Enquirer: 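Let me give you the structure first, and then I'll get to my questions.
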There are 2 protein chains.
Amino acid sequence: MSFKNHTFKLREEAILNATTAALVEHGFELMTMDDIASRVGISKPSLYKHFASREDLVAATMTRLIQQAIDELDSYPQNMPAIDQLRNLLGWAIDIRLKGGMPFLPSTRSSIRDMLLRNQAYVLSIMNMNQRLSTLVTQCQQDGSLNPELPVLVILYSYYARTCDPTVDYLLAYSGLDHASIRDHMITVSFAGLIPLNRSQPT
Amino acid sequence: MSFKNHTFKLREEAILNATTAALVEHGFELMTMDDIASRVGISKPSLYKHFASREDLVAATMTRLIQQAIDELDSYPQNMPAIDQLRNLLGWAIDIRLKGGMPFLPSTRSSIRDMLLRNQAYVLSIMNMNQRLSTLVTQCQQDGSLNPELPVLVILYSYYARTCDPTVDYLLAYSGLDHASIRDHMITVSFAGLIPLNRSQPT
DNA sequence: GTCTATAGCTGGATAGAC
DNA sequence: GTCTATCCAGCTATAGAC
């Protein structure tokens, strides 16, 4: 019984890993249950014993990723400045992308967003994440490390967007830059933008 | 003959418009030829008389969009500073998004990218666009309006990415900000980043 | 050149044997 | 709980009548 439970858990991990790989490779719309089953080495009905539908499977995969991000945040020292927490978490997310992993934000497509929002576990995890990040952003605006004139949501969504920025993929494919450089440039551009430092700038 | 040709052109415009709307609504993968035909009010075989395949249709739609961007660039006065040309073009692209139009960069998904790269007209237009933008970026780095320490490709891809930034969609859906504010914030964040102006900043 | 009708295929989901 | 085999829906693309 405990053994069965254990192997069940292990297989579930394998399924989520395979789904992550399939999502990265094909994207949500072209990800098929056949492909997942074949990657894991099980049959499709067995796959459906673990996840009742394709939607459930995708939502579970996204939920695990968000939980990993929250765990990453939790691993930072209590006294780390908020801006450094944001910087480090973005670096963590970009590293995942560079290693072939999945971005936070699955899509701007409303069909996918709506589908995920129907999944309770996913919604809970994303609300948790939003709460954590909003607090950090507000702290940064108060201590002057982020622009206090920008609405919180503008910063928050821009931050999320950088975790799924296609620039990473294009730089990987065409620039010849190594992973560390891509990571550093992405962080620089995300926080400091494209214009030179130490400027008084007209917007 | 000339009349037929004229209506043919008009219908082709209508097809491209319908495809744009379908791409915005459903995304590339879920865009169907049935849907396009029904939006235009013609039958599927007639649609295939205009475009030999779904891929051709999508490529033609993207090509038209890129050509419109080049036309926009061409409309700027010769003596407009390069940085203002970049700012204005980004504003133009975001306005299109806000009005329900399509972003430049269709996807980071390699299957779509590869498909488009097999289309000669598309490749030519995108090369033209890259050429124009690269020149502007280099000029800006020389006159100090863009950070000269960043590789050109980092700036170029980041710039493209802002034209398809999901932040626009999320701000539209959840922030309550009006179009002009969203547009202005997007431009500010793209060029100046998230940190306050007039800073000497560690990164 | 336009339509109706359909071929051919793929993928989500399941029935039923073991 | 796992498999093989299969159902059914929906899609691209085309044949063939007009």
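We name chains A, B, ... by the order of the sequence lines, and we start the count at 1 in each one. Because the structure is predicted, anything quoted here is derived from the model rather than measured.
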Enquirer: Classify every nucleotide of nucleotides 4-18 of chain D by which part a protein heavy atom approaches to under 4.0 Å, writing B for the base, S for the sugar-phosphate alone and - for neither, in 5'-to-3' order.
Expert: B------SBBBB---
Enquirer: Is the cationic atom of B:Arg113 (NZ for Lys, CZ for Arg) positioned less than 6.0 Å from the six-membered ring centroid of A:Tyr170 and within 45 degrees of its normal?
Expert: yes
Enquirer: What's the CG-P distance between B:Leu10 and C:dG1, to the nearest Å?
Expert: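 It is 14 Å, rounded to the nearest whole Å.
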Enquirer: Between C:dG12 atom P and A:Phe51 atom CZ, what is the distance in whole Å?
Expert: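 The answer, rounded to whole Å, is 15 Å.
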Enquirer: Can you tell me how far P of C:dG12 sits from CE of A:Met115, to the nearest Å?
Expert: 12 Å
Enquirer: Evaluate B:Ile15 against B:Ile36 for side-chain contact (heavy atoms from CB on, under 4.5 Å), listing each step before the verdict.
Expert: CA-CA 7 Å; B:Ile15 292 173; B:Ile36 306 291; 4.3 Å; yes
Enquirer: Report yes or no: does B:Ser158 contribute a side-chain atom to a donor-acceptor pair with the main-chain N or O of B:Ile155 at less than 3.5 Å?
Expert: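 Not a single qualifying donor-acceptor pair exists.
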Enquirer: Please determine whether the number of non-hydrogen atoms from other residues, nucleotides or ligands lying under 6.0 Å from atom CE of A:Met80 exceeds 12.
Expert: yes
Enquirer: Find out whether B:Leu172 and B:His179 are in side-chain contact, i.e. whether some heavy atom of one side chain is under 4.5 Å from a heavy atom of the other.
Expert: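 Answer yes - side chains close enough.
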Enquirer: Five pairs at each end of the helix from C:dG1-D:dC18 to C:dC18-D:dG1: take the axis at both ends and give me the angle between them to 10°.
Expert: 20°
Enquirer: Looking at B:Arg97 and B:Asp169, is any side-chain nitrogen of the basic one under 4.0 Å from a carboxylate oxygen of the acidic one?
Expert: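 So B:Asp169 pairs with B:Arg97 through a salt bridge.
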Enquirer: How close or far is atom P of C:dT4 from atom CG of B:Leu47, stated in whole angstroms?
Expert: 14 Å
Enquirer: Report the distance from atom NE2 of A:His50 to atom C1' of D:dT2, rounded to the nearest whole Å.
Expert: 11 Å
Enquirer: Donor-acceptor pair, distance only, cut-off 3.5 Å: does the side chain of A:Gln141 make one with the backbone of A:Asn147?
Expert: yes
Enquirer: Any salt bridge between B:Glu25 and B:Arg39, counting N to O under 4.0 Å?
Expert: yes
